[in-house]
Student: 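Can you read through this structure? Questions will come right after.
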Amino acid sequence: MAGVIADQEPGLTGLLPALAPCSQLLYLDLSGHALSGPLPALPQTLQFLNLSSNGLSQRLPQLASSPSLQYIDLSFNRFSGELEDMSRLPALDWLDLSDNELSGPLPAFPAAVRWIDLSNNRLAGALELPAPAADSERLLVLLNLASNKLSGSLPASVTSFAPHLSFLDLSHNSLSGSLDAFAAALAPTNQLLQVNLSHNKLTGEVPGRMAILAAVRPVMVTMKDGHTPVHRILDLSNNELQGVFPSWIITNLPLLAVSCKCSIGISLDASRLTCPAAVRHASRKTQDLLRGFDHLQCVSEANGNKQQVPIWQLVSRSYRYTSREQRKQQLASLQAHGHRRHGKLSGGAVAGIVLAVVGSV
């Protein structure tokens with residue numbers, strides 16, 4: 001067929017020939033070979049392009065010269081330079097340029113694209129997802145920008161302008177600031193089943209509104225194409241988040257484990273998050289379910305000792321949380337009680353009370 005060039009047997013080497021003269025070429029798949037050198041100009045008719053896992057290098061040609069392109073996979077090559085305005089490819093559905101040496105800012109993308117994977121490059125600058133045109137809806141399902149050099153805050157546009165987004169990976173960048181704008185823009189009907197924000201510089205507390213993330217919501221989520229993913233992921237580890245461990249994780253996890261026939265991966269930095277002061281005791285079955293997430297821990301001051309404890313212990317009836325403020329109040333109460341009973345106490349007596357409170361609570 002004149003419109004198709006494909007070779008599934010590995011072994012092709014050398015430079016690609018001129019492709020632009022192939023005026024009827026629709027489908028080009030030469031993935032998994034040892035082709036090298038630049039990618040020549042493409043024919044205007046091309047719709048499918050897969051040259052992944054080769055040794056191609058230098059700058060990309062003007063992809064917009066092939067406005068009918070729907071599928072582009074140039075991953076695992078050595079392409080460099082900045083990306084052009086991808087919004088000039090209105091039919092584009094799939095874009096995978098991962099594992100190259102691309103640099104510069106993120107380009108604009110067409111509203112119809114569903115899959116964007118630009119991970120493992122050198123892209124830099126702010127993360128922003130422009131609003132689609134008023135008469136169109138952004139169809140993006142996967143956005144993977146992991147292992148780049150993106151900086152700045154995590155904007156609300158990532159969630160507000162992509163209602164069908166299910167897979168978001170922004171790990172291993174330099175994103176900073178709080179999660180507040182991102183969380184505030186979450187719709188109750190969001191489909192974010194996998195969210196990886198690990199290895200950044202995010203600060204502040206984990207917002208309570210993150211509880212409506214599909215990744216931790218105990219309901220069955222079916223994607224637009226009818227597919228039901230088998231993995232739920234929320235990874236906020238290796239950031240600078242602090243405050244109280246989200247109690248909604250403790251509440252939602254057992255329900256999610258029962259209702260979702262999927263694997264669940266949730267990760268936070270235990271050493272930065274203190275245990276919530278009030279957690280309802282749970283049944284033995286719930287405790288056993290939470291034991292499956294033994295890596296989820298928080299910093300407890302129970303019994304006067306600062307230590308990391310797994311969250312399943314928080315719902316155990318034998319667990320007793322005592323905050324620093326509560327211990328101060330107990331100390332003041334003991335001192336006042338001593339004054340009433342014995343008058344002014346000596347310094348040694350006060351020290352004894354202090355030791356008693358710290359040692360026994």
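As a basis for the values below, the full set of heavy atoms in this structure was taken, side chains included, without hydrogen atoms, waters or symmetry mates.
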Student: Is the side chain of Arg217 donor-acceptor paired with the backbone N or O of Ile212 at a distance under 3.5 Å, no angle test?
Tutor: yes
Student: Would you mind reporting whether Ile266 and Phe293 have side-chain heavy atoms less than 4.5 Å apart?
Tutor: no
Student: Using a 3.5 Å distance criterion without hydrogens, assess whether the side chain of Asn54 forms a donor-acceptor pair with backbone atoms of Leu30.
Tutor: yes
Student: Within the supplied structure, the quantity of interest is the number of heavy atoms (other residues, nucleotides, ligands) at a distance under 6.0 Å from Arg122 CZ; does it exceed 12?
Tutor: no
Student: Could you tell me whether a side-chain N or O of Arg78 sits under 3.5 Å from a main-chain N or O of Glu101, the two making a donor and an acceptor?
Tutor: no
Student: With rounding to the nearest 0.5 angstrom, report the CZ to CH2 distance, Arg114 to Trp94.
Tutor: 7.5 Å
Student: Without swapping roles, check the side chain of Asn196 against the backbone of Ile233 for a donor-acceptor pair under 3.5 Å.
Tutor: no
Student: Ignoring hydrogens, what is the shortest heavy-atom contact between Pro107 and Met86? Give both atom names and the distance.
Tutor: CG-CG, 3.8 Å
Student: List the atom of Leu83, the atom of Leu102, and the distance in Å for their closest heavy-atom pair.
Tutor: CD2-CD1, 3.9 Å
Student: Please check: side-chain N/O of Asn121 versus main-chain N/O of Asn100, any donor-acceptor pairing under 3.5 Å?
Tutor: yes
Student: Under the criterion side-chain contact (heavy atoms from CB on, under 4.5 Å), which of Leu127, Leu140, Leu192 is the partner of Val158?
Tutor: Leu127
Student: Is the backbone of Gly11 close enough, under 3.5 Å, to the side chain of His33 for a donor and an acceptor to pair up by distance?
Tutor: yes
Student: State plainly whether the residues Asp288 and Lys285 are in salt-bridge range, i.e. N to O under 4.0 Å.
Tutor: no
Student: With rounding to the nearest 0.5 angstrom, report the CG to CG distance, Asn120 to Leu97.
Tutor: 12.5 Å
Student: For residues Ala41 and Leu19, report the shortest heavy-atom separation together with the two atoms involved.
Tutor: O-CB, 3.6 Å
Student: Carefully, step by step, assess Leu289 and Leu253 under the rule side-chain contact (heavy atoms from CB on, under 4.5 Å).
Tutor: CA-CA 8 Å; Leu289 287 171; Leu253 258 182; over 6 Å; no
Student: Give me the atom names and distance for the closest heavy-atom approach of Ser66 to Leu89.
Tutor: O-CD2, 3.4 Å
Student: Tell me, with the steps shown, if Glu128 and Leu106 meet side-chain contact (heavy atoms from CB on, under 4.5 Å).
Tutor: CA-CA 8 Å; Glu128 190 62 48; Leu106 288 174; over 6 Å; no
Student: For the residue pair Trp115 and Val141, establish whether any side-chain heavy-atom pair is separated by less than 4.5 Å.
Tutor: no
Student: Measure from the side-chain N and O atoms of Asn173 to the backbone N and O of Leu175, and report whether any donor-acceptor pair falls under 3.5 Å.
Tutor: no
Student: With a 4.5 Å limit on heavy-atom distance, are the side chains of Thr203 and Ser176 in contact?
Tutor: no
Student: Taking atom CD1 of Ile249 and atom SG of Cys298, what is their separation to the nearest 0.5 Å?
Tutor: 10.5 Å
Student: CD/Gln62 to CG/Asp85 distance, rounded to the nearest 0.5 angstrom?
Tutor: 10.0 Å
Student: Roughly how far, to the nearest 0.5 Å, is the CG atom of Leu39 from the CG atom of Leu15?
Tutor: 11.5 Å
Student: Quick one: do Met210 and Leu255 end up in the same hydrophobic cluster if we chain Ile, Leu, Val, Met, Phe, Trp and Tyr together by side-chain heavy atoms under 4.5 Å apart?
Tutor: no
Student: Hey, what do you get for CG (Leu202) to OG (Ser153), rounding to the nearest 0.5 Å?
Tutor: 9.5 Å
Student: Any idea which heavy atoms bring Pro38 and Leu56 closest together, and the distance?
Tutor: O-CD2, 4.4 Å
Student: Without swapping roles, check the side chain of Asp93 against the backbone of Tyr71 for a donor-acceptor pair under 3.5 Å.
Tutor: no
Student: Are the side chain of Arg209 and the backbone of Phe182 linked by a donor-acceptor contact shorter than 3.5 Å?
Tutor: no
Student: Do the side chains of Phe109 and Leu92 get nearer than 4.5 Å, heavy atoms only?
Tutor: no
Student: According to a hydrophobic-cluster definition based on side-chain heavy atoms being under 4.5 Å apart (Ile, Leu, Val, Met, Phe, Trp, Tyr only), do Leu28 and Leu12 belong together?
Tutor: yes
Student: Could I get the full list of side-chain contact (heavy atoms from CB on, under 4.5 Å) partners for Glu205, not counting sequence neighbours?
Tutor: none
Student: Could you go through the side-chain contact (heavy atoms from CB on, under 4.5 Å) check for Asn190 and Thr159 one step at a time?
Tutor: CA-CA 8 Å; Asn190 76 84; Thr159 50; over 6 Å; no
Student: Write out all pairs satisfying ring-ring contact (aromatic ring centres under 6.0 Å, His included) with one or both partners inside residues 141-163, taking only residues at least two apart or from two chains.
Tutor: none
Student: Hey, are the side chains of Ser53 and Ser31 touching, using non-hydrogen atoms and a 4.5 Å cut-off?
Tutor: no
Student: Please check this pair: side chain of Thr45 against backbone of Ser23, looking for a donor-acceptor N/O pair closer than 3.5 Å.
Tutor: yes
Student: Given side chains that start at C-beta, do those of Pro310 and Gln297 come closer than 4.5 Å, heavy atoms only?
Tutor: yes
Student: Once ring-ring contact (aromatic ring centres under 6.0 Å, His included) is applied, what residue pairs with a partner in residues 236-255 remain, sequence neighbours excluded?
Tutor: none
Student: Decide yes or no on side-chain hydrogen bond (donor to acceptor under 3.5 Å, both in side chains) for Asp269 and Ser271, but give the supporting numbers first.
Tutor: CA-CA 6 Å; Asp269 292 325; Ser271 61; over 6 Å; no
Student: Under a single-linkage definition using a 4.5 Å side-chain heavy-atom cutoff for Ile, Leu, Val, Met, Phe, Trp and Tyr, are Leu63 and Phe76 assigned to the same hydrophobic cluster?
Tutor: no
Student: Grouping I, L, V, M, F, W and Y whenever their side-chain heavy atoms are under 4.5 Å apart, do Leu268 and Val309 come out in a common cluster?
Tutor: yes
Student: Under the side-chain contact (heavy atoms from CB on, under 4.5 Å) rule, what do Asp294 and Trp312 come out as? Steps first, then yes or no, please.
Tutor: CA-CA 7 Å; Asp294 199 55; Trp312 68 263; 3.0 Å; yes
Student: Which pair of heavy atoms, one from Leu168 and one from Leu170, lies closest together, and at what distance?
Tutor: CD1-CG, 3.8 Å
